[in-house]
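Take a look at the structure set out below.
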Protein chains: 2
Amino acid sequence: MNTDNTKSQMRKGMLEYCIMLLLRRQPCYANDIIQKLHEADMIVMEGTLYPLLSRLKRDGLLGYEWRESTQGPPRKYYVLTPDGHEALAQLDASWEEIQRTVSILKS
Amino acid sequence: MNTDNTKSQMRKGMLEYCIMLLLRRQPCYANDIIQKLHEADMIVMEGTLYPLLSRLKRDGLLGYEWRESTQGPPRKYYVLTPDGHEALAQLDASWEEIQRTVSILKS
DNA sequence: TATGAATACCTTGTATCGCAAGGTACCCGA
DNA sequence: TCGGGTACCTTGCGATACAAGGTATTCATA
């Protein structure tokens, strides 16, 4: 069905923003992110998330630290860097702009 | 700069929705769409728009009719089909959902 | 000790899509 | 008749989401 595809497209571009919003509140590791985005009705796959986190890390917007887990292997907790906070502030502005655009087109 | 890229990504998925929103109000031809989206702060290139319109046409969400122009060659005016209106209603819902998701993540 | 399940990290291949650049066709005035 | 403006479309490229598959660590249990 076409609508599913378009809907998926709409969410696509928002992923990076949503992940950074999440990390602004607290450091998270991958499964944290998947679960918490899911609770907010945003689906993200493992194969999507890991490359995305690596890219944000490479661009200096995220850092990480290893933390031991009580169960299973250690976890990579990602955190926003100062550059990340700055980029996120710009994305906040972009989000406002998109909301305004849609609002105009709906009126 | 990375933020520009991400910002572009955010707009990407919204394009199809914005174009359909525009066509809900009135039939438009390509340059109409480019100009009116631009007025609403949404940039779209020719090379993006034409394939997108063709795809929506192929999927039965848009139709078109040729209209003579007072200046230059005739224009292809696109209109929403009944299926298009239905799909657009679903996209309205998706848009609401995305807004809610971001709202949750910002809180 | 061995082994299997659970958890966590990551990579590869494919499909989709926006964008830059280039191409064709039509109209009209000089 | 020819050049500029307008309009439609295609091709090649890069970015990215997703599905599928792979590796490593931990722990309970046989």
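Letters A, B, ... are given to chains in the order of the sequence lines, protein chains preceding strands, and every chain is numbered from 1.
The NZ atom of A:K12 sits 11 Å away from the P atom of D:dA19 (whole-angstrom rounding). Distance B:Y29 OH to D:dC8 P: 7 Å, rounded to the nearest Å. Distance, A:Y17 OH to D:dT16 P: 18 Å, rounded to whole Å. The distance between atom CZ of A:R55 and atom C1' of D:dT16, rounded to the nearest whole Å, is 7 Å. Here the P atom of nucleotide D:dC8 and the CG atom of B:N31 are 6 Å apart, to the nearest Å. In this structure, A:I43 places its CD1 atom 15 Å from P of D:dA17, rounding to the nearest Å. The CD1-C1' distance, from A:I34 to D:dA19, rounds to 14 Å in whole Å. Atom pair B:L53:CG and D:dA7:C1' shows a separation of 13 Å (rounding to whole Å applied).
Of the two residues near DNA chain D, B:R75 and A:Q71, the one whose nearest nucleotide lies more 5' is B:R75. If A:S69 and A:G13 are placed on DNA chain D by their nearest nucleotide, the residue sitting closer to the 5' end is A:G13. Between A:Y64 and B:P51, the residue anchored nearer the 5' end of DNA chain C, judged by the nucleotide with its closest heavy atom, is A:Y64.
With a 6.0 Å radius and a threshold of 12 heavy atoms from other residues, nucleotides or ligands, B:E86 has its CD atom at or below the threshold. Open room surrounds NZ on B:K57; 12 or fewer heavy atoms of other groups in view lie less than 6.0 Å from it. By the neighbour-count criterion of 12 heavy atoms within 6.0 Å, atom NE2 of A:H38 is sparsely surrounded, having that number or fewer from other residues, nucleotides or ligands.
Counting only heavy atoms from C-beta outward, the side chains of A:V79 and A:L23 never approach each other to under 4.5 Å. Here the side chains of B:L37 and A:L105 are in contact, with some heavy-atom distance below 4.5 Å. At least one side-chain heavy atom of A:K76 sits less than 4.5 Å from a side-chain heavy atom of A:W66.
With D:dT6, D:dT16, D:dT10 as the candidates, the nucleotide lying closest to the side chain of B:P73 is D:dT6.
Evaluation of the salt bridge (charged side-chain N to carboxylate O under 4.0 Å, His left out) rule for B:E97 yields A:K7, A:R11 as partners, not counting sequence neighbours.
Residue B:E46 is in base contact, counting any heavy-atom pair closer than 4.0 Å across all strands shown.
Note that the first and last nucleotides of DNA chain C, 5' to 3', having any atom under 4.0 angstrom from a heavy atom of chain B are C:dC17 to C:dC27.
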